[in-house]
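Have a look at the structure below, then the notes.
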Amino acid sequence: MGLLDRLSGFLGLRKKEVHVLCLGLDNSGKTTIINKLKPSNAQSQDIVPTIGFSIEKFKSSSLSFTVFDMSGQGRYRNLWEHYYKDGQAIIFVIDSSDKLRMVVAKEELDTLLNHPDIKHRRIPILFFANKMDLRDAVTSVKVSQLLCLENIKDKPWHICASDAIKGEGLQEGVDWLQEKTVQSNPGCEDMKR
Ligand code: G3D
Ligand code: MG
């Protein structure tokens, strides 16, 4: 948190934060994406690295994003599920070149969608079909089919092809997520002014 943020927070003026959960298997590109989305002067806050995942923050135009970059390792599941309640938007990252683990990614997604803190909420989900630059990558349409995204009927979702290293596709995705997040959390409207 910058000095001004801290001061306005202290004075009770801090903007309401939108909590974005960033999920996906390990090595899918979550940290790379988050680092690209952060303003260059943003200060990263690794709060709990010792217990298997870190919490990072960044701002995208007028909304504040809090991103939980999770390890994708099952043994930490009960730690990250704890954060589902506070999440108001989800970024789910897929390594489009890892066909072998696409099935595991689908299992994780299905587990997430069936979680009691997610299941009945119209929480927007942005999928990044990442690593599009790699020769083995399948298209975002194919990723969408492999994950059966068309079965998600009760939540707004969107899939973007991305190359997190070059930063391609990220802005389009975040713009969509921001719009949907504001729609599902009318209280955030103030922040657009
Ligand atoms: P994670 O946080 O989901 O575990 P990381 O994943 O962001 O740490 O990324 C894992 C590896 O994939 C990193 O390589 C990173 O540079 C690479 N990567 C991330 N996004 C892309 C992409 O769009 N294209 C390509 N080609 N590589 C990507 P290393 O070598 O550091 O392990
Ligand atoms: Mg990471």
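Quick caveat: nothing in here was measured; it's all calculated off a predicted structure. Start at 1 and go down the list; that is how both ligands and their atoms are numbered. Any value given below was found using the heavy atoms of this structure, including those in side chains, with hydrogens, waters and symmetry copies removed.
Residues N27 and R101 come closest through the heavy atom pair CB-NH2, 4.1 Å.
Proximity to K30 (heavy-atom distance under 4.0 Å) selects the following atoms of ligand 1: 1 (P), 2 (O), 3 (O), 4 (O), 6 (O), 7 (O). Applying the 4.0 Å criterion to heavy atoms of A164 picks out, from ligand 1, the atoms 20 (N), 22 (C), 23 (O).
The heavy atom nearest to atom 7 (O) of ligand 1, considering only T32, L23, D26, is found in T32. Among G24, A129, G29, the residue whose heavy atom sits closest to atom 6 (O) of ligand 1 is G29. Compare D133, N27, I165 by their heavy atoms: the one nearest to atom 24 (N) of ligand 1 is in D133.
Remark: I33 CD1 to S28 OG distance equals 7.0 Å, nearest 0.5 Å.
Using a 4.0 Å heavy-atom cutoff, L25 is listed among the residues neighbouring ligand 1.
Metal site remark for the Mg ion (ligand 2): T32 contributes no N, O or S atom at a distance under 2.8 Å.
Tested against I90 for a side-chain contact (heavy atoms from CB on, under 4.5 Å), the candidates I118, L109, V20 yield a single pass: I118.
Under the 4.5 Å side-chain heavy-atom criterion for ILVMFWY residues, a single connected hydrophobic cluster contains both I152 and M102.
Residues satisfying the salt bridge (charged side-chain N to carboxylate O under 4.0 Å, His left out) test with K99, not counting sequence neighbours, are none. K166 is linked by a salt bridge (charged side-chain N to carboxylate O under 4.0 Å, His left out) to D163, counting only residues two or more places apart in sequence or in another chain.
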